[in-house]
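These notes concern the structure reproduced below.
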Protein chains: 2
Amino acid sequence: MRAPTQKRGEITRDRLLDEAELLFALHGFDGVSIRDITKAAGVDVALANYHFGSKDKLFDAVFQRRAESMNARRIVLLEDVLERYAPGLPPLEDVIGAFTWPVAEIMIEGGDGGRAYGRLVAQVNNSPKLAQVGMTRYFDPVVRRFMEVLRAVLPGCREEELFWSYHFLSGALTLSMAETGRLDRLSDGRCRSDDLKAIFARMVPFCAAGFRALCKA
Amino acid sequence: MRAPTQKRGEITRDRLLDEAELLFALHGFDGVSIRDITKAAGVDVALANYHFGSKDKLFDAVFQRRAESMNARRIVLLEDVLERYAPGLPPLEDVIGAFTWPVAEIMIEGGDGGRAYGRLVAQVNNSPKLAQVGMTRYFDPVVRRFMEVLRAVLPGCREEELFWSYHFLSGALTLSMAETGRLDRLSDGRCRSDDLKAIFARMVPFCAAGFRALCKA
DNA sequence: GTCTATAGCTTGATAGAC
DNA sequence: GTCTATCAAGCTATAGAC
């Protein structure tokens, strides 16, 4: 992730982002101090404020970093799917897959940081204080694009049913990103929170059936 | 909620629980100080530690308080449904309804505190640090009972599919409890996070269809 | 860009008077 | 049970030397 040609300042910046990501994901915004982060990154306390201005802005930078690549990937997969079935329309499953799969990719390929980012998004999406700013600003533009396609793929579906369906999908998706390990215990080890391929393979048919059930009514 | 015959100490205790519930729900455990809570409750700073021992234990007491009545209500509704269809088995929808509806009841009938409690559970369920203790201890015993009934109602369904289906239901349910208002904006006001009857009426068919889709495969 | 030093404030918890 | 007073530790943020 870190190019060998980076300047010292950039290395510090990236280290701070990486450690902040891990710590915020585990303890939440208020559960982590600037000191915790700079200590974990092995840099001086003052550098967090020098590079990011404030703790708030550092959090925002962490949240934004991977949101951009994830959203870009979502759009690529969506346009791919649309093209593949043009001039017809793709199955609902493929549209949902284009939305959910980039999350799995980041968490699988992004190592500890990628998994931490998933946890972070899960907490932000479920926080009344943070969801309005974080999710709305960084994710909703792409969600609106998906809603357009869903509308086309499910003709005649009422708007309310379409939005509520998305809401339930969002809940299922973000709880999966949280990787809390709760289901591991509940299922006596049969299901594992970190088995992302198992989860995402099931999330698509589960939610597709849900969308169809609501849109039928 | 507060009996007129309560002693002064009990009133203080209840006030602290009520205000802690509201504040923890909005800002999370680390976003609230003992001073914030005692100030909101109009009692002395030292009384929180006198009555509850520590901030951790106060949080735990808040979380446990409504969990007990919610779980009791879930079991009552479940046994009702089972009895109504005996010696046969109830439809999947009724079982899911017995699990989800008590949440709506508490949030609708419990006023500001009830809604705050929903937000609190949403955050705990999505937190890697808190979910293991909070959810596992207070909710999983009842969930295990529901899993037994779901197993009976969906004969031949593989265990993994059953547990993952519950996981997705849990995500949809807790995001609905969070009432973040995100969907309100996204849908340009067509859907409202606080319209609990609209949400819970749709959650049942959405998730029932999901369970059936996964168990069929 | 980095580091030292520090200002100014808030934190959880408690000892002891009432 | 309640309140005053306080402790020791933590916090964010910044001014100024290098």
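In the text below, chain A, chain B and the rest are named by the order of the sequence lines, each starting its count at 1. Just the heavy atoms: all of them, side chains too, but no hydrogens, waters or symmetry mates, feed the values below. A quick note: this is a predicted structure, and the numbers were derived from the prediction, not measured.
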Within this structure, what is the CD1-CZ distance for the pair B:I75 and B:F99, rounded to the nearest 0.5 Å? 10.0 Å

Hey, are B:D194 and B:R115 close enough for a salt bridge, meaning a charged N less than 4.0 Å from a carboxylate O? no

If the threshold is 4.0 Å, N to carboxylate O, is there a salt bridge linking B:K39 and B:E19? no

Partner of A:T100 by side chain to side chain contact (heavy atoms under 4.5 Å, CB included), out of A:L77, A:V204, A:I199, A:V95: A:V204

Please answer whether the main-chain N or O of B:A67 pairs with a side-chain N or O of B:Y117 as donor and acceptor at a distance below 3.5 Å. yes

Between the side chains of B:R145 and B:E148, is the shortest nitrogen-to-carboxylate-oxygen separation below 4.0 Å, so that they form an ion pair? yes

How large an angle, rounded to 10°, do the end axes of the helix from C:dG1-D:dC18 to C:dC18-D:dG1 enclose when each is built from five base pairs? 0°

Would you give the length of the straight line joining atom CD of B:E105 to atom CZ of B:F200, rounded to the nearest 0.5 angstrom? 10.0 Å

B:E160 with A:R202: basic N within carboxylate O range, under 4.0 Å: no

Each nucleotide in nucleotides 4-10 of chain D should get exactly one letter: B, S or -. Can you fill that in based on protein heavy atoms under 4.0 Å? B-B----

For chain A and DNA chain C, what are the first and last nucleotides along the strand, 5' to 3', with at least one atom under 4.0 angstrom from a heavy atom of the protein chain? C:dG1 to C:dT4

Regarding A:D18 and A:R65, does a basic nitrogen lie under 4.0 Å from an acidic carboxylate oxygen? yes

Whole angstroms only, please: what is the CG-P distance between A:L47 and D:dT14? 14 Å

Compute whether any side-chain donor of one residue and acceptor of the other, for A:R185 and B:Q132, lie under 3.5 angstrom apart. yes

